[in-house]
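Below is one structure, written out as structure tokens, with a few remarks after it.
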Amino acid sequence: MIYFDNGATTFPKPRCVAQAVGSAFDRYGANPGRSGHAMSMDTAIKVFEVRDALASLFGAQNLQDVVFTLNCTHAVNMAVKGALRMGDHVIISDLEHNAVLRPVHALAQRGAITYSIAQTFPDHSETLASFARHITPSTRMIACTHASNVFGTVLPIEEIGKLCRERGLLFLVDAAQTAGVLDVKPRDWGIDFLCMAGHKGLYGPSGTGVLITALGSSMQTIIEGGTGSFSGSFDQPDEMPDRLESGTVNTMGILGLGAGVSFVREKTMRALYTHEMKLATEALAMLRDIPGIQLYTPGFGFGSHVPVISFNIAGKPSEETTAALSDKGFALRGGLHCAPLAHQKMGTLETGTARISFGAFNTIEQVVQLCGAINKLARG
């Protein structure tokens, strides 16, 4: 199987990730921070090292601001439900994944908050103006994706962060598609809650995610429990990251994530992004020459997009296309990609799209083979 579904989770993982997970099973199987014996202490040190690496990579103000989560969706839910209060208003974009849309919508359905959807445009100044128009006296947060998981469009996060600082708003960024791919600077860009998947551009195992926030001590918790600290108190501790890390952490996944972060730092995000975007650009050029192919990525280019291409074959449902390609040995994703707002925007809510998403281990030879298979399929 030739894998082009890296937007869902990267595969294959670097060899060092599997080795780190294996090492965790062999040497670091104790509960970190829960016991005084040597293996527990050694395991806690390894988890600390991963936290330190993430803090360094993303410029966190303190190590304690790095919270391990199950995935990006978990991180978003912690931030949205932990920071918002009754009567608050939130602004999201028209490209949001359900990871952002659903928790915001759920709070609105309960009557706790209201929300608006800002339209996005190829011109970043228009996008910024769209967000600004939706700000009201009760607006407390802007929550938006850094890049669309369906169409690859990159939003002007730095400029939106500046708007939030000027208007005294909290800023949440869903970096599921960009962490490890594009530079993200939470402190410089005014990002209060940076939510990311560990298993995508950071090349960690599934079931890993990260929330970076300096506001954790003031957040309401959505999970309470054992933290290995302040165990005599009935109350959840205020100290970070304990406040937001109840229960035993995913030690094996975290150590694998640490190896993925090391892989990204060694290769450099710039080099990885450049490689993947070159492949995406070549694929887009080949697809444009195939009769009957519908593309949804106008203005595709370095800096304005991440390496994700959505397409359809005229007259075919997207799932039919990806199923046929799977039979030919290619792994793509079809359907709505958990992002109905983005499909409403692009007019593909009924058909969905077939999505090609590129990773570090894809090659130009694989791209040529894939586009050849799509060409045969489109010509019937």
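Between the side chain of T127 and the backbone N or O of F121, at least one donor-acceptor pair lies under 3.5 Å. Using modelled atom types, one side-chain atom of D65 and one backbone atom of N62 make a donor-acceptor pair closer than 3.5 Å. A donor-acceptor pair under 3.5 Å is absent between the side-chain atoms of N98 and the main chain of L101, judged by distance alone. At least one donor-acceptor pair closer than 3.5 Å links the side chain of N362 to the backbone N or O of G359. Side-chain atoms of Q119 do not come within 3.5 Å of backbone N or O of S130 as any donor-acceptor pair. Looking at E96, its side chain never comes within 3.5 Å of a backbone N or O of A339 through a donor-acceptor pair. Counting only distance, with no hydrogens or angles, the side chain of D94 and the backbone of L341 share no donor-acceptor pair below 3.5 Å. At distances below 3.5 Å, not a single donor-acceptor pair connects side-chain atoms of T268 with backbone N or O atoms of R265. Using a distance-only test at 3.5 Å, with no hydrogens or angles considered, no donor-acceptor pair links the side chain of T9 to the main chain of K200. Distance alone, capped at 3.5 Å, places no donor-acceptor pair between the T10 side chain and the G201 backbone.
S318 has its side chain out of reach of R333: every pair of non-hydrogen atoms, C-beta onward, lies at least 4.5 Å apart. Annotation: side chain of T69 is not in contact with side chain of M196 (no heavy-atom distance under 4.5 Å). M39 places none of its side-chain heavy atoms less than 4.5 Å from the side chain of Y28. The side-chain heavy atoms of F68 and L54, taken from C-beta on, include a pair separated by under 4.5 Å. Looking only at side-chain heavy atoms (C-beta outward), T348 and V150 stay at 4.5 Å or farther from each other. Side-chain contact check for L244 versus M78: some heavy-atom pair is nearer than 4.5 Å. The shortest distance between side-chain heavy atoms of H89 and L84 does not fall below 4.5 Å.
Ring centroids of H337 and H343 are separated by less than 6.0 Å, placing the two rings close together.
Within 6.0 Å of CZ on R270 lie no more than 12 heavy atoms contributed by other residues, nucleotides or ligands.
A distance of 8.5 Å separates OH of Y296 from OG of S310, quoted to the nearest 0.5 Å.
F171 pairs in a side-chain contact (heavy atoms from CB on, under 4.5 Å) with only one of the listed residues (L163, I157, L194), which is I157.
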Requested in this report: Could you please spell out the steps behind the salt bridge (Lys or Arg N to Asp or Glu O under 4.0 Å) verdict for K162 and E159?
Outcome: CA-CA 5 Å; K162 182 179 179 182; E159 292 85 349; over 6 Å; no
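Using cut-offs of 30° and 60° on the angle between ring planes, the pair F358 and F4 is perpendicular. Note: Y203 and F361 have perpendicular aromatic rings, judged against thresholds of 30 and 60 degrees for the angle between ring planes.
Note on L95: it does not cluster hydrophobically with L295, by side-chain heavy-atom contacts below 4.5 Å among ILVMFWY residues. Y115 and I160 sit in two unconnected hydrophobic clusters of ILVMFWY residues. Membership requires side-chain heavy atoms under 4.5 Å apart, directly or through other members.
In terms of heavy atoms, A197 sits closest to C72 at N-CB, 3.7 Å.
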